[in-house]
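A short worksheet on the structure shown next.
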Amino acid sequence: MSQNRDNEIKGYIERITFQSEETGFTVARLKEVGRRDLTVIVGAMPSIQEGEVVVCKGSWKNDKNFGWQFQVNDYEVELPSTIAGIKKYLGSGMIKGIGNAFAERIVKYFGKDTLQVIDQSPDKLVEVDGIGKKRVAVIKSHWKDQRAIREVMMFLQSQGISPMYAQKIYKQYGDLAIAKVQANPYHLSKDIYGIGFKTADKIAQKLGILKDADERVDAGVEFVLF
């Protein structure tokens, strides 16, 4: 493998070999389009799931023990669009009520429309052999939770917040994360370890908060004094 390849790669997560709950540090195998061999990607990717499509930005390094790896500095997640990716995604266990067996049946029945059906018309899942109304209710609930997490993570990363801090913010605020950050991003410097006034200020500027806003003045005074 040449280290001169583009520093942006895209593919779906074939498998996750390691993921730290505390730091989000992840080692995974990426299936790139047009490449037979899997690509090893490493970095802080706390929210990724097997089967998801990820666009990774970073750099190549040749580890003396593990060979060529792509060090991920930033990434974006997309829902899988291929049959193989959808099966992997649903079979990963991230959605309670769907394991490998049901993932196989659901994708065989709905094909590439599977995720759209689950998202917009989940009651149609009863058409799949072995899936009853109780299981559909469980799937709907967990799909809603996962969608909320994805939306929060995407919003936070769009504001220049790293995946690692995005995970911490979500753990702190839960589904209220977007509203909390929009209302007063300066609270992040108090509530999230590792985020100081300068980082919170950058986020505030991205959100369009004026430089003479009361919340910025208050946070700035507190930063200078303490």
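Since this is a predicted model, take the numbers as computed values, not measurements.
With hydrogens and angles disregarded, no donor-acceptor distance shorter than 3.5 Å links the side chain of Ser189 to the backbone of Ile195. A donor-acceptor pair under 3.5 Å is absent between the side-chain atoms of Thr26 and the main chain of Gln19, judged by distance alone.
Residue pairs that meet the ring pair (Phe, Tyr, Trp, His ring centres under 6.0 Å) test with at least one member in residues 131-184, sequence neighbours left out, do not exist here. Listed by first and then second residue, the ring pair (Phe, Tyr, Trp, His ring centres under 6.0 Å) pairs that reach into residues 176-208 are Tyr186-Phe197, Phe197-Phe223, sequence neighbours excluded. A ring pair (Phe, Tyr, Trp, His ring centres under 6.0 Å) check over residues 100-132, counting only residues at least two apart or in different chains, returns nothing. Note on residues 90-101: no pairs pass salt bridge (Lys or Arg N to Asp or Glu O under 4.0 Å), not counting sequence neighbours. Each salt bridge (Lys or Arg N to Asp or Glu O under 4.0 Å) pair with one or both residues in residues 182-198, not counting sequence neighbours, appears once here: Lys190-Glu222. Applying the side-chain hydrogen bond (donor to acceptor under 3.5 Å, both in side chains) definition to pairs two or more places apart or across chains, none involves residues 49-58.
Contacts of Tyr89 classified as ring-ring contact (aromatic ring centres under 6.0 Å, His included), with partners at least two apart in sequence or in another chain: none. Residues that satisfy the salt bridge (charged side-chain N to carboxylate O under 4.0 Å, His left out) test with Arg135, not counting sequence neighbours, are absent from this structure. Every residue was checked against the salt bridge (charged side-chain N to carboxylate O under 4.0 Å, His left out) condition with Lys61, not counting sequence neighbours, and none meets it. Take Asp119 and apply the salt bridge (charged side-chain N to carboxylate O under 4.0 Å, His left out) test, not counting sequence neighbours, and it matches Arg147. With sequence neighbours excluded, the residues that form a salt bridge (charged side-chain N to carboxylate O under 4.0 Å, His left out) with Glu14 are Lys88.
More than 12 heavy-atom neighbours from other residues, nucleotides or ligands sit within 6.0 angstrom of CG on Asn62. The local environment of CD in Glu76 is sparse, with at most 12 non-hydrogen atoms from other residues, nucleotides or ligands closer than 6.0 Å.
Between Asp63 and Asn65, the closest heavy-atom pair is OD1-N, 2.8 Å. When every heavy atom of Ile178 is checked against every heavy atom of Glu151, the shortest pair comes out as CD1-O, 4.0 Å. Nearest heavy-atom pair across Lys206 and Ser158 is NZ-O, 3.2 Å.
Under a 4.5 Å side-chain heavy-atom criterion applied to ILVMFWY residues, the cluster that includes Leu210 comprises that residue alone.
Residues Trp60 and Gln71 have side chains not in contact (no heavy-atom distance under 4.5 Å, counting atoms from C-beta outward).
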